[in-house]
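The structure under discussion appears below in the form of C-alpha cells.
Values in this document were obtained by computation on a predicted structure and should not be read as measured data. Heavy atoms only: backbone and side chains are in, while hydrogens, waters and symmetry mates are out.
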Amino acid sequence: MELEKTLQMNTLFSFYGPLLTSKQQEYMKLYYGDDYSLGEIAEDFGISRQAVYDNIKRSEIILNDYEDKLHLVEDFDRKQDALNKIRSYAEKNYAKDDTLLNLLQKVSYEPKREGK
C-alpha cells in the first residue's frame, strides 16, 4: 500500500505540482521523490517533524482535490491505454506501414529527461 501511495502521489505531483507553493513542492519532492523521512526534512528546514507532516498531508489533499476536479491523470491514463491498444493493433496488422507507425510514435508520451 505504501508503494502504491508513493506512486500515486508522484503521479499527481507530476501533473499538479506547479500549482503547489514552492515549500509544498520541496517537501513533496523530498518525501515522495527522494524518500527523505519527516525527520530529515524537518532537520533540513529547521522546523518540527509535525510541521512537515502537516504540510505534506495538506499537499496530498490539495493534489487529490485537483485530480477530483480536473481528472488530468485519469484522462491521461485512459488515452495512454487507448494509444497502446492502437499501437499494438497497428504493429500486428500494419507492420509494414512506416507512416502509420511513425505517426503513432509522434503521439506517444515520452517523459522529459533531466537536463534536456
To the nearest 0.5 angstrom, please state how far the [atom1] atom of [X] sits from the [atom2] atom of [Y].
| X | Y | atom1 | atom2 | answer |
| --- | --- | --- | --- | --- |
| I56 | I41 | CD1 | CD1 | 4.5 Å |
| L19 | S59 | CG | OG | 12.0 Å |
| L83 | S88 | CG | OG | 11.0 Å |

Least distance between heavy atoms, [X] atom then [Y] atom:
| X | Y | value |
| --- | --- | --- |
| A95 | L101 | O-CD1, 3.5 Å |
| N10 | G33 | OD1-N, 3.8 Å |
| L63 | G17 | CD2-N, 4.3 Å |

Taking only residues at least two apart or on different chains, which pairs with a member in [range] satisfy ring-ring contact (aromatic ring centres under 6.0 Å, His included)?
| range | answer |
| --- | --- |
| residues 73-105 | F15-F76, F76-Y109 |
| residues 23-43 | Y27-F45 |
| residues 51-71 | Y16-Y66 |

Salt bridge (charged side-chain N to carboxylate O under 4.0 Å, His left out) contacts in which one or both residues fall within residues 85-98, not counting sequence neighbours: D81-K85
Taking salt bridge (charged side-chain N to carboxylate O under 4.0 Å, His left out) as the cut-off, I'd like each qualifying pair that reaches into residues 31-57, sequence neighbours left out, listed once. K29-D34, K57-E60
Among all residues two or more places apart in sequence or in another chain, which pass the side chain to side chain contact (heavy atoms under 4.5 Å, CB included) test with N64? Q8, M9, L12
Among all residues two or more places apart in sequence or in another chain, which pass the side chain to side chain contact (heavy atoms under 4.5 Å, CB included) test with T21? K23, Q24
May I ask you to decide if A51's main-chain N or O and N55's side chain share a donor-acceptor pair within less than 3.5 Å? no
Check whether any side-chain N or O of T11 sits under 3.5 Å from a backbone N or O of L7 as a donor-acceptor pair, and report yes or no. yes
Hits for side chain to side chain donor-acceptor pair (under 3.5 Å) against D75, two or more places apart or cross-chain, chain-then-number order -> R78
